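Just follow the structure's listing: the first ligand is 1, and inside any ligand the first atom is 1. Owing to the predicted nature of the structure, the values given are computational and were not obtained by experimental measurement.
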Amino acid sequence: MKITTSYFAESKNNGNKITMLTAYDYTTAKLIDESGIDAILVGDSLGMVMLGYDSTLPVTMEDMIHHAKAVARGAKHAFVVADMPFMSYQASVYDAVTAAGRLIKETGVQAVKLEGGKNVCPQIKAITEAQIPVMGHLGLTPQSINSFGGYKIQGVGYESAKKLIEDAFAVQEAGAFSVVFECIPAPLAEFVTMLLDIPTIGIGAGSSCNGQVLVYQDMLSMYDGVKPRFVRQFADIGSAMCTAFDDYKNAVQKGEFPEEKHTYKLDNDILRKLMTEYSPKNR
Ligand code: KIV
């Protein structure tokens, strides 16, 4: 059974933690789906972990559509959310609804996520009214990297914490079905989670959020760019991959790979015939 937005609301009510990971391709989405994770985020973090940019800002709608399509094909059970890339929704409500519509229609994901509070509430309201579920994103919103002046924890001072609370209420009021809190103090996340009716999904926001999300390359130690302190490395797949690539290189260079069991047979009579036909003296 495919997970829906109702599952998010029920999870908040019955205290089940919502599990979410990012994915950007079919194979990873399928593995995550088979492990029973509730939701997959096709994050615009793909700009950094898949495309090698140093921020999420250069990611285009075409990038998002390309990756979201692959993820949607791999996720039979998990709820799939696609990020709205930078400048696909900020300039106008019209842009926002059009871009959200493209993501849903062309990729097969179930919801979109966009960053911001009161400033993007008209967009959240209009997208929701177009029957597209919206996940909000507050705190350290990576698309605001230039105005934040770096990847810095948010909501630490009184004014900043108050702004986050007001933004969270506004996003809920505008119709978002859930909201991501990224890199904010755990007690603030706990307090706002208690105040809100919609579920909160934390990343660097402590354990009291209603769910958690991580970038899969971070939790598998596959990405050596920005290394946030909130990441736990659940496996060292990056090192395992490097060891395997090195073993492959050595095996090929030493002629140890491929072995006989990796090869396909050719009938001896056919081979002999070909050798006769193509022997230098018969040509
Ligand atoms: O793009 C992304 O992966 C995200 C998560 C960090 C929440 O927005």
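- With hydrophobic clusters built from ILVMFWY side chains whose heavy atoms lie under 4.5 angstrom apart, Val231 shares a cluster with Met222.
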Exercise for review: Run the numbers on Gln123 and Gln90 for side-chain hydrogen bond (donor to acceptor under 3.5 Å, both in side chains), then give the verdict.
Suggested key: CA-CA 8 Å; Gln123 283 88 329; Gln90 285 90 343; over 6 Å; no
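- Here the CD-CG distance, from Glu173 to Asp197, works out to 10.0 Å after rounding to the nearest 0.5 Å.
- Between the Asn210 side chain and the Lys12 main chain, no donor and acceptor come within less than 3.5 Å of each other.
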Please produce the table of protein N or O atoms sitting under 3.5 Å from N or O atoms belonging to ligand 1, one pair a line, distance to 0.1 Å.
residue  : atom  : partner : partner atom : Å
ligand 1 : 1 (O) : Asp44   : N            : 3.2
ligand 1 : 1 (O) : Asp44   : OD1          : 3.1
ligand 1 : 1 (O) : Ser45   : N            : 3.0
ligand 1 : 1 (O) : Ser45   : OG           : 3.2
ligand 1 : 1 (O) : Asp83   : OD2          : 3.1
ligand 1 : 3 (O) : Ser45   : OG           : 2.5
ligand 1 : 8 (O) : Lys113  : NZ           : 2.8

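- From Thr19, atom OG1 reaches atom CD1 of Ile37 across 4.0 Å, with rounding to the nearest 0.5 Å.
- Aromatic ring orientation, Phe8 versus Phe177: perpendicular (interplanar angle above 60°, classes split at 30° and 60°).
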